[in-house]
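Encoded as structure tokens, the structure appears first; notes follow it.
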Amino acid sequence: MNKNTLTINAFSMQDVTIGPKYHLTENSMQIPDHPLFDIDDRLKSVNVKLVDPKDCHFKINTIMDVIPISTKVLGNIGYGMSNTLTGVSVILTGADETGVQLHEFGSSDGYLDEKIKFDTDGTPSSDDVIILIDVILKSDFEFNRETCEMVFNTSDQFLQPIREILKVMNGRDAAESFEYEDIKHPGKPKVAIVKEVAGQGAMYDNMVFAKEPGGIEKGISIIDMDNMPILLSANEYRDGAIHALV
Amino acid sequence: MGIGPSTKETTMHHFHDPLVRVVASDPDVDFQGVILVGTPQDNYLKNLVGRRTAFWLEAMRTNGAIISADGWGNSDVDFMNTMTEIGDKGISIVGLKFIGTQAGFVVENEHTKFVLDINKSKSGTETEVVGENNLSEKDAHKALGLLKLKMRKDGQVTK
């Protein structure tokens, strides 16, 4: 396998519905409205619903993250092949049962259409179907890194069955396919990017090198690496080497 | 102060990162990679991670770098310190971060004028709207353009 090349196959979701179990075809998807696994004792509920960005004037809890759905097919993060879903994205929101919001500095709870700017690199496209995962903690929770990671992990576990089906889908059925190569330009000035990211505590953290693109499982927190600099290739970045925990 | 909703970079933002997209695909530069560095609480560590970043760039024989941050306030210390450490190694450095009307630098130095503001809000503040004040592709192009000029001025490009 050429470790300099990353192929991303994009499957365009035209039809996303709620149903009793997970189902995925090259252009449609069905997901349950709650996790099919036992949720953590600290959680009161996890509710999943589908949202149209063009019609979303309703109240939400603070937006913890916006997550793409992507999975490794061949190789590791940064090379080989990944299958990714387009036309669908995930918003994770969180609070406790009394309305205390899960955030570090400033909350985005309120009306969804007023609290997010769609069509940016970090937010859903206004043509997407949004999978809104709302996690509610019991009121006696402790606001710390472990609790927040558990919440992120819950949404990651909810998404994993989609990745498992996506993983075995044939790239030939993808709507689009992109190939990214690490191209060197000898003789040109050498340029690097330095990205300073959060690494101080609960909802102020980032995770790298999870098993799945934009995933949590096996990820390493930048805090646990004492915030030391690490080098990532452009393809690792494009392949979801980072999961934000901010 | 820290990372507010309008500047925080979501997992989706990293996945589509406009700075990586723009710089990695530019044929006029030899792109080396992304150094990801955290923002510790402790002052000793703040200085250490900045120094380690500069050492890496020097060892990579980097001519120029663009530094970006997703927060402001407390993390400005890390930002300016890392910029200075990189600059002291003779590497051209430009920055991108949220400034607006709310997050100006407390202390200015020779590098502050090479930091571009990524604010997009009319008020220039943390609006608590997710995605509003994120680094965009346009910001990335501006920073790369500025870096190219700075590298020329600093004598990094030999012709």
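Chain A is the first sequence line, chain B the second, and so forth, proteins listed ahead of strands; every chain is numbered from 1.
Proximity to chain A (any heavy atom under 4.5 Å) is restricted, for B:Leu57, to the side chain, taken from C-beta onward. In this structure, chain A has no heavy atom under 4.5 Å from any part of B:Asp42. Within the 4.5 angstrom heavy-atom criterion, only side-chain atoms of B:Leu48, from C-beta onward, approach chain A. Neither the backbone nor the side chain of A:Glu236 comes within less than 4.5 Å of any heavy atom of chain B. Residue B:Leu96: no heavy atom, backbone or side chain, is found under 4.5 Å from chain A. At a 4.5 Å heavy-atom cutoff, B:Lys97 makes no contact with chain A through either its backbone or its side chain. Residue B:Leu147 touches chain A through its side chain alone, counting heavy-atom pairs closer than 4.5 Å. If you measure heavy-atom distances from A:Leu232 to chain B, the contacts under 4.5 Å come from both the backbone and the side chain. Interface remark: B:Val20 contributes backbone and side-chain atoms alike to the contact with chain A (heavy atom separation under 4.5 Å).
To the nearest 0.5 Å, atoms CD (A:Glu196) and CD1 (B:Ile35) are separated by 13.0 Å. Taking CG of B:Asp30 as the reference point, atom NE2 of A:His185 lies at 7.0 Å (rounded to 0.5 Å). Atom CG of A:Asp239 and atom NE2 of B:His14 lie 15.0 Å apart (nearest 0.5 Å). Atom CZ of residue B:Arg21 and atom OH of residue A:Tyr237 lie 12.5 Å apart, to the nearest 0.5 angstrom. Between the NE2 atom of A:His103 and the NZ atom of B:Lys8 there is a distance of 10.5 Å, given to the nearest 0.5 Å. Atoms CZ and CD, on A:Phe105 and B:Glu126 in that order, are 6.0 Å from each other to the nearest 0.5 Å.
The side-chain heavy atoms of B:Phe15 and A:Thr84, taken from C-beta on, include a pair separated by under 4.5 Å. Between B:Asn134 and A:Asp121, every side-chain heavy-atom pair lies at or beyond the 4.5 Å cut-off. Residues A:Val90 and B:Met12 have side chains not in contact (no heavy-atom distance under 4.5 Å, counting atoms from C-beta outward). No side-chain heavy atom of A:Val194 sits under 4.5 Å from any side-chain heavy atom of B:Ile66. Contact check for A:Arg238 versus B:His16: no side-chain heavy atoms found under the 4.5 Å cut-off. Contact annotation: the side chain of A:Val191 approaches that of B:Val23 to within less than 4.5 Å [non-hydrogen atoms, C-beta and beyond]. Looking at A:Ile193 and B:Gln32, their side chains never come closer than 4.5 Å, going by heavy atoms from C-beta outward.
Heavy-atom pairs under 4.5 Å with chain B peak, among A:Lys115, A:Gln200, A:Met228, A:Lys184, at A:Gln200. When each of B:Ile93, B:Thr127, B:Asp28, B:Leu135 is checked for heavy-atom pairs under 4.5 Å with chain A, B:Asp28 comes out on top. Highest contact tally toward chain B, considering only A:Asp182, A:Leu231, A:Thr120, A:Val208, is held by A:Leu231 [criterion: heavy-atom pairs under 4.5 Å]. Heavy-atom pairs under 4.5 Å with chain B peak, among A:Asp119, A:Val66, A:Ile223, at A:Val66. Ranked by heavy-atom pairs shorter than 4.5 Å toward chain B, the options A:Val246, A:Val197, A:Leu245 are led by A:Val197. Each of B:Ala143, B:Ser68, B:Gly131, B:Ser136 has some count of heavy-atom pairs under 4.5 Å with chain A, and the biggest count is that of B:Ser68. Chosen from B:Pro27, B:Pro18, B:Ala24, B:Ala69, the residue pairing most often with chain A at heavy-atom distances under 4.5 Å is B:Pro27. Ranked by heavy-atom pairs shorter than 4.5 Å toward chain B, the options A:Ile116, A:Asn235, A:Asp109, A:Asp226 are led by A:Ile116. Taking chain A as the reference chain and counting heavy-atom pairs below 4.5 Å, the highest number among B:Asp26, B:Leu45, B:Ile67, B:Ile86 is found for B:Ile67. When the candidates A:Pro124, A:Pro189, A:Ser108, A:Gly110 are compared by the number of heavy-atom contacts under 4.5 Å with chain B, A:Pro189 comes out ahead.
More than 12 heavy-atom neighbours from other residues, nucleotides or ligands sit within 6.0 angstrom of NZ on A:Lys54.
Using modelled atom types, one finds no donor on one side chain facing an acceptor on the other under 3.5 Å when comparing B:Glu9 with A:Asn206. Checked by atom type, the side-chain pair B:Thr10/A:Asp65 shows no donor-acceptor distance below 3.5 Å.
Taking each heavy atom of A:Lys117 and B:Glu132 in turn, the nearest pair found is CD-CA, 3.9 Å. Of all heavy-atom pairs between A:Gly214 and B:Thr11, the closest is CA-CG2, 3.8 Å. In plain terms, the two heavy atoms of B:Thr39 and A:Asn227 that are nearest each other are N-OD1, 3.3 Å. Smallest separation of non-hydrogen atoms from B:Phe31 and A:Ala234: CE2-CB, 3.7 Å.
In terms of modelled atom types and a separation under 3.5 Å, the side chain of B:Asn63 and the main chain of A:Lys190 share a donor-acceptor contact.
For the pair A:Lys195 and B:Asp17, the salt-bridge criterion is met [side-chain N within less than 4.0 Å of a carboxylate O].
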